Number of protein chains: 2
Amino acid sequence: MSDTPLPRAERRRRTERRILDAARALFAEVGFERTTIRAVARTAEVDPALVMQYFGSKQELFRRAAQVAPPPEAGLDADELVEHLLGTLDRKIGDLPQGSLAMMRSMLTHPEAAASAREVLGRQIDRLAESIPGEDARLRAALMTVIMLGVTVGHQLLELDELRAVPQEEIARLLRPSLRALASPEAS
Amino acid sequence: MSDTPLPRAERRRRTERRILDAARALFAEVGFERTTIRAVARTAEVDPALVMQYFGSKQELFRRAAQVAPPPEAGLDADELVEHLLGTLDRKIGDLPQGSLAMMRSMLTHPEAAASAREVLGRQIDRLAESIPGEDARLRAALMTVIMLGVTVGHQLLELDELRAVPQEEIARLLRPSLRALASPEAS
DNA sequence: TCGTTGAGTCAACGGGCGTTGAGCGAATTG
DNA sequence: CAATTCGCTCAACGCCCGTTGACTCAACGA
């Protein structure tokens with residue numbers, strides 16, 4: 001068997017990664033307060049003291065683990081914007097979204113997560129508002145944003161059967177007119 | 001001064017109420033995990049042991065404090081339904097809504113709160129679906145529900161400036177077409 | 001080969017938590 | 001007025017948490 005004992009630096013990197021992965025999964029699953037350093041360490045098969053040694057504090061570990069997806073780029077028209085938002089719906093698995101879930105899971109109870117969520121949503125609102133005409137662009141942008149927030153919370157965090165039972169395209173199809181109504185102001 | 005020493009039963013009732021009010025406020029503000037029996041007792045100006053004596057456990061205290069608003073009645077048509085939903089937007093202050101906030105604040109991190117939220121939202125989806133024609137009524141109802149959820153979370157819990165800055169009627173006005181698009185299926 | 005580094009462990013700390021049981025003293029009851 | 005009830009407090013319990021400092025030992029560099 002290939003038992004090259006692995007160089008020290010590589011071992012270190014892998015261990016840190018394992019801790020970060022474990023933290024991400026736990027933060028995403030049960031949120032900041034119910035995730036313990038001890039549980040993270042156990043999952044990563046490591047001593048709790050090592051988690052502290054690498055990340056300094058639980059708060060800092062959370063900061064490193066809970067990363068959020070970047071907001072959409074500027075310079076889209078209203079329809080492109082809607083499609084971009086709907087496109088974000090399907091990112092369920094993988095690395096970055098797991099971090100986003102951790103952030104969202106904790107945003108109602110952990111102050112720092114709330115601050116971060118506000119900042120990210122604020123940036124998304126800014127981007128959206130640039131592409132929406134009219135006086136109340138910011139409010140419309142905010143509503144589009146919280147609509148997506150609600151769908152995500154209901155789907156990913158509360159795991160509502162009604163949303164989980166159908167493919168993402170079906171949700172996107174039904175949601176499209178609602179978002180369009182907000183993206184392009186006109187007589188209804 | 002009127003120093004009628006208050007009958008025992010009355011004192012008891014008032015104390016229990018004070019505890020319940022304190023619990024509601026704290027659960028609504030920081031959620032289940034960060035709310036401590038000791039803090040509730042301090043706020044209600046009472047000994048922590050008394051809270052236990054009256055409510056048995058922190059979990060049971062939460063159950064009593066975090067009550068949710070009843071779902072809409074059945075038998076409305078689509079437009080009435082939309083108006084009913086929009087009407088629920090303004091309940092910011094008062095007693096029952098404080099309980100709802102407590103529930104919502106904790107639903108992403110406290111399992112029992114999550115279960116309760118799922119149940120309440122499920123009932124609301126049921127009610128809405130009854131009044132919506134078409135094959136995908138339940139999915140449409142679910143989307144209307146999570147849209148309102150998103151607005152409420154953004155407004156009441158995350159306290160997004162963009163939503164707090166405008167009167168509730170303005171939000172209702174902009175949201176109405178989006179909800180109508182889901183409530184009454186037709187070619188867009 | 002041998003001293004040095006550094007990844008990883010171990011045992012313990014101080015503190016806050018939910019919870020409990022004994023007790024006090026004023027309102028109630030006969 | 002004596003006996004009893006009961007609202008309420010006090011002091012403590014065991015537990016788990018985040019965090020720390022001393023330690024072990026294999027990989028490394030000279």
Side-chain angles (χ1 to χ4, degrees), chain A residues 2-24 26-27 29-66 102 106 109-113, chain B residues 2-24 26-27 29-66 102 106 109-113:
Chain A
S2 72
D3 49 1
T4 326
L6 275 182
R8 198 134 80 167
E10 177 61 17
R11 262 192 74 80
R12 154 82 196 229
R13 243 174 288 124
R14 292 197 187 183
T15 303
E16 188 167 326
R17 187 116 224 305
R18 245 170 38 235
I19 295 174
L20 219 40
D21 286 345
R24 246 191 294 269
L26 286 173
F27 282 137
E29 200 179 332
V30 299
F32 181 84
E33 0 270 341
R34 293 170 72 93
T35 296
T36 67
I37 296 278
R38 282 167 160 90
V40 171
R42 207 177 314 125
T43 306
E45 293 180 300
V46 129
D47 191 273
L50 193 65
V51 178
M52 296 303 297
Q53 194 173 308
Y54 284 176
F55 296 93
S57 70
K58 182 185 178 183
Q59 173 55 48
E60 191 54 32
L61 174 63
F62 179 78
R63 207 171 290 149
R64 291 276 305 274
S106 307
T109 43
H110 185 51
E112 183 131 343
Chain B
S2 72
D3 48 0
T4 327
L6 275 181
R8 197 134 78 167
E10 177 61 18
R11 263 194 72 82
R12 155 82 198 228
R13 246 174 286 124
R14 293 197 188 183
T15 303
E16 187 167 328
R17 186 118 228 302
R18 245 170 37 235
I19 295 174
L20 218 40
D21 286 345
R24 247 192 293 269
L26 286 173
F27 281 137
E29 201 179 332
V30 300
F32 182 84
E33 0 270 340
R34 293 170 72 94
T35 296
T36 67
I37 297 277
R38 283 166 161 89
V40 171
R42 208 178 312 126
T43 305
E45 293 178 302
V46 130
D47 192 275
L50 193 65
V51 179
M52 295 304 297
Q53 194 174 307
Y54 285 176
F55 296 92
S57 69
K58 181 183 178 183
Q59 175 54 49
E60 191 53 32
L61 175 63
F62 179 78
R63 209 171 288 150
R64 291 277 304 276
S106 308
T109 42
H110 185 51
E112 184 131 342

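Within every chain, numbering begins at 1; the chains are lettered A, B, ... in the order of the sequence lines, protein sequences first and strands thereafter. None of the values given here were measured: they were computed from a predicted structure.
The local environment of CD in B:E29 is sparse, with at most 12 non-hydrogen atoms from other residues, nucleotides or ligands closer than 6.0 Å. Counting non-hydrogen atoms of other residues, nucleotides and ligands closer than 6.0 Å to CD of B:Q59 gives a total above 12.
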| Can you check side chain to side chain contact (heavy atoms under 4.5 Å, CB included) on A:R63 and A:E112, steps first, answer last? | CA-CA 9 Å; A:R63 207 171 290 149; A:E112 183 131 343; 2.7 Å; yes

| field | Criterion salt bridge (Lys or Arg N to Asp or Glu O under 4.0 Å) on A:D21 and A:R18, from CA distance to verdict | value | CA-CA 5 Å; A:D21 286 345; A:R18 245 170 38 235; over 6 Å; no

| task | Test B:E16 against B:R64 for side chain to side chain contact (heavy atoms under 4.5 Å, CB included), laying out the working first. | result | CA-CA 11 Å; B:E16 187 167 328; B:R64 291 277 304 276; 3.3 Å; yes

Quick test: give all pairs of protein nitrogen or oxygen and nucleotides 28-30 of chain D nitrogen or oxygen below 3.5 Å, distance rounded to 0.1 Å.
unit_1, atom_1, unit_2, atom_2, d
D:dC28, OP1, A:R8, N, 3.1

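Atom CD1 in B:I37 sits roughly 21 Å away from atom P in D:dC13 (whole-Å rounding). As a whole-Å value, the separation of B:H110 NE2 from C:dG18 P is 12 Å. One atom, CZ of B:R34, and another, P of D:dG18, lie 13 Å apart when rounded to the nearest Å. Atom CZ of A:R42 and atom P of C:dT9 are 14 Å apart (whole Å).
Among residues at least two apart or in separate chains, side-chain hydrogen bond (donor to acceptor under 3.5 Å, both in side chains) pairs with a member in residues 32-46 of chain B are A:E33-B:R34, A:R34-B:E33, B:E33-B:T109.
Using a 4.0 Å cut-off, some side-chain N or O of B:R11 falls inside it from OP1 or OP2 of D:dC8. Distances shown here put every side-chain N or O of A:T36 at or beyond 4.0 Å from the OP1 or OP2 atom of D:dC16.
Near DNA chain C, meaning a heavy atom under 4.0 Å from it, residues 45-60 of chain B has B:A49, B:M52, B:S57, B:K58 in order of number.
The side-chain tip of B:R12 points at the ring of B:Y54 from less than 6.0 angstrom away and within 45° of straight on.
Side-chain atoms of B:R38 stay outside donor-acceptor range of the base of C:dG16, with no qualifying N/O pair under 3.5 Å.
Ring-plane geometry between B:H110 and B:F32 is classed as parallel, the angle between the planes falling under 30 degrees on a 0 to 90 degree scale with a further cut at 60.
Between B:T35 and A:R18, the one whose closest nucleotide on DNA chain C sits nearer the 5' end is A:R18.
For the atom pair B:S106 OG and B:F27 CZ, the distance stands at 7.0 Å (nearest 0.5 Å).
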